[in-house]
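To start, the structure itself, in structure tokens.
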Amino acid sequence: MKKSAILFLAVALSAGCAASNPAAPTPDTALGLQKGSVFAVPVPPPVKPNESAPGEQKPVAPPYAGSPPVIPHGTGDFLPITAKQNACLDCHAVTEKKPGEPTPLPPSHYTDLRNAPDTVADKVAGARYVCVSCHVGATDAAPLVQNRFIHTGENK
Ligand code: HEC
Ligand code: HEC
């Protein structure tokens, strides 16, 4: 290789390094969610499981219309949901709302949106059978990152 070509390469390489090495790099304590050194092994704050009995705690207002409400009671005794056993349905597959009693499943849960979107059936739709794939337990865990999501009801 010619001398001039080597010189050109050296200049190009050092320019490249300079570009990926900005003057004020992000300190490693500010890189991740843990807010500390990347070399630290943090102990996450314990998450307190909700062990309240159904009806003991008030339902939590959903963050936006159409979102699956969080489960305001413990679920430990009601899981797992299997093909033969679904404790959630034992309580929530009711037709009428009575004060202090489980809220009935909404008509959407009896509708097979893919094959018969206009029919409200007697049986819960297969896609709604595993309740906990959409409904999560209420928790008082602090969010790791501030969430400024505000739903306006429009697709913006
Ligand atoms: C022993 C009866 C019982 C069982 C079993 C049960 N629930 Fe509930 N659930 C209740 C009662 C009572 C409430 C409080 C009244 C209400 O809002 O429905 C409630 C509330 C809820 C709510 C809040 C509804 C709202 O409008 O905000 C959701 C979601 C829910 N349960 C989901 C579940 C899921 C998922 C399971 C299974 C893992 C389950 N429940 C098992 C009785 C039960
Ligand atoms: C595919 C996601 C999904 C699954 C699975 C699902 N849900 Fe829901 N659920 C929702 C959404 C979304 C809403 C709120 C909108 C609506 O009413 O359809 C809701 C609403 C509810 C409500 C509140 C009804 C009201 O009138 O306020 C209850 C109670 C409930 N679901 C219980 C259950 C139970 C019990 C199961 C399991 C048999 C289940 N859900 C499975 C998404 C789901």
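We count ligands from 1, going down the list as the structure has it; atoms in each ligand are counted the same way.
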TODO: Would you name the heavy atoms of Ile81 and Tyr129 that are closest together and state the gap between them?
DONE: CG2-CE2, 3.6 Å
Open item on the list: At less than 4.0 angstrom from any non-hydrogen atom of Val130, what atoms of ligand 2 do you find?
Closed with: 5 (C)
- [ ] Note the single closest protein heavy atom to atom 14 (C) of ligand 2, along with its residue, its atom name and the distance in Å.
- [x] Ser67 O, 3.5 Å
- [ ] State if Val70 counts as touching ligand 1 under the rule of any non-hydrogen atom under 4.0 Å.
- [x] yes
- [ ] Check Ala116 against Thr111 and note the closest heavy-atom contact, atom names and distance.
- [x] O-CG2, 3.8 Å
TODO: Quick one: give me the number of protein N/O/S atoms under 2.8 Å from atom 8 (Fe) of ligand 2.
DONE: 2
Open item on the list: Using heavy atoms and a 4.0 Å limit, tell me yes or no: is Pro62 in contact with ligand 2?
Closed with: no
- [ ] Work out whether the distance between some heavy atom of Gly100 and some atom of ligand 1 is less than 4.0 Å.
- [x] yes
Open item on the list: Looking only at protein heavy atoms, which one is nearest to atom 41 (C) of ligand 1, and what is the separation?
Closed with: His73 CE1, 3.4 Å
- [ ] Quick one: look at Thr75 and ligand 1, take heavy-atom pairs under 4.0 Å, and tell me if it's side chain, backbone, both or neither.
- [x] side chain
Task: Residue part near ligand 2, for Ala93, under 4.0 Å between non-hydrogen atoms - done: neither
Open item on the list: Considering non-hydrogen atoms of the protein only, which is the closest contact for atom 1 (C) of ligand 1, and what is the distance?
Closed with: Cys91 SG, 2.7 Å
- [ ] Write out the residue and atom name of the closest protein heavy atom to atom 15 (C) of ligand 1, then the distance separating them to 0.1 Å.
- [x] Glu101 O, 3.6 Å
Task: Protein heavy-atom partner closest to atom 26 (O) of ligand 1 - residue, atom, separation in Å - done: Thr103 OG1, 3.9 Å
Task: Identity and distance of the protein heavy atom lying nearest atom 23 (C) of ligand 1 - done: Pro72 CD, 3.4 Å
Task: Heavy-atom nearest neighbour in the protein, as seen from atom 42 (C) of ligand 1, with distance rounded to 0.1 Å - done: Pro54 CB, 3.2 Å
Task: Lys97 heavy atom under 4.0 Å from ligand 1 - done: yes
Task: Which residue and heavy atom of the protein sit nearest atom 34 (C) of ligand 1, plus the separation - done: Cys88 SG, 3.6 Å
Task: Under 4.0 Å to a heavy atom of His92 - the qualifying atoms of ligand 2, by number - done: 29 (C), 35 (C)
Open item on the list: Less than 4.0 Å is my threshold; does some heavy atom of Ile71 fall inside it relative to ligand 1?
Closed with: yes
